[in-house]
Amino acid sequence: MNAMPHAVSGTIRASAAPADGLGTSAARARSAELERLIHEDPGRFRVLTGDRPTGRLHLGHYFGTLHNRVRLQHLGVETFVLVADYQVLTDRDVADDLSGHVEELVLDYLAIGLDPGRATIFTHSAVPALNQLLLPFLSLVSVAELNRNPTVKDEIAHSRQPSVSGLMFTYPVHQAADILFCKANLVPVGQDQLPHLEITRTVARRFNDRYGRGTAVLPEPEALLSPAPLLLGTDGTKMSKSRGNAIALAADADETARLIRRARTDSERHITYDPAGRPEVSSLVLLAALCQDRAPEQVAEEIGSGGAGALKRHVTEAVNEYFAPLRARRAHYAQDRGQLRRVLREGNARANALADATLEEVRRAMNSLY
Ligand code: TRP
């Protein structure tokens, strides 16, 4: 799959967390440098990324992050992909059908082209040594630090739960274990994950200071921030499963057509690409442009006075054409649950081998190998 389409470079995804201006721009500058280094020598990087299994992924996820992972995999970067089935327990809404959500997520991974022969796809719950790292790591951060994590604060503010669980405050430290157990040095993230990556770096640094006797037992990973397009959902607000405005990767051609047909537009007939002034129309134009690897301005111009009807037909066709092979691959794997289980079993075995080795190093450094 090719690099991030040129069409989207100017559009940066809005952050869920309050923007940390300086930190973000520094991370962005460093990310450009990292991109150069990756192209030069992909073998020096190990990537870890992950998702909470909350159900089917949608086109916002795809063009926001998933596409980028497959790109890194194809560049030859060793890739670990975590199905964060313990982290997702911060959200009781999804706990009901967790194993179903896990399967859907793995299906989406295989559909987009993550290759289980090259990428290690694994789950929290099957890797005990990863989870054990949480314990010493928790001792390295203060309650005050956990309390000021802007992403966690934001999640608490938006949670529909009557109370806040202990996991909600501590999951960023668990995420540090996700990253450090395999000594990943590169974490492709959106802006909202930067505070978690900072905690990870802090944990690694403090662990090394306290127990390393001059050696870096745990490497400090870096964020790879990539420009991600902001795709709006069919109601004109950010595409999100919980808002019911998303087009799932797994949707079929008819469902896609139906969803796009009822998408919000505006009363101006002539189609233009103007994200600030005409967000709904522009998001549809952007979606077609992303699927066709074209500039959105060019797509808009082509439709011109065809109006919303022509725009929607065009977008539907572009989405269905681009996603047809992915959807076919998804359907293929969906028929073979045994294969799905095998992918996870093999990924979990690889993750366990690494986690066991890292835990042993950690315990040795701490003088607690008995
Ligand atoms: N917190 C991430 C999210 O909500 C998921 C995640 C879990 C993750 N562990 C990770 C992301 C480690 C990057 C690295 O999307």
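Atoms within a ligand are numbered from 1 in the order they appear, just like the ligands themselves.
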Engineer: I'd like to check Tyr333 versus Val106 (side-chain heavy atoms, cut-off strictly below 4.5 Å). Are they in contact?
Structural biologist: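 No, side chains not in contact.
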Engineer: Listed by chain and number, what are the side chain to side chain donor-acceptor pair (under 3.5 Å) partners of Thr49, not counting sequence neighbours?
Structural biologist: Arg69
Engineer: Distances only, to 0.1 Å: what are the N or O pairs between ligand 1 and the protein that fall under 3.5 Å?
Structural biologist:
residue  : atom  : partner : partner atom : Å
ligand 1 : 1 (N) : Gln87   : OE1          : 2.7
ligand 1 : 1 (N) : Gln175  : OE1          : 3.0
ligand 1 : 1 (N) : Gln193  : OE1          : 3.0
ligand 1 : 4 (O) : Arg52   : NE           : 3.3
ligand 1 : 9 (N) : Asp178  : OD2          : 2.8

Engineer: Applying side chain to side chain donor-acceptor pair (under 3.5 Å), name anything that partners Gln339, two or more places apart in sequence or on another chain.
Structural biologist: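 Listed in chain order: Arg342.
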Engineer: Do Val187 and Val77 land in one hydrophobic cluster if side-chain heavy atoms of ILVMFWY residues count as linked below 4.5 Å?
Structural biologist: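 Shared cluster, no.
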Engineer: Is it the case that the side chain of Asn131 and the backbone of Val127 share a donor-acceptor pair, with hydrogens and angles ignored and the cut-off at 3.5 Å?
Structural biologist: yes
Engineer: Please enumerate all residues that pass side chain to side chain donor-acceptor pair (under 3.5 Å) together with Gln335, with sequence neighbours excluded.
Structural biologist: none
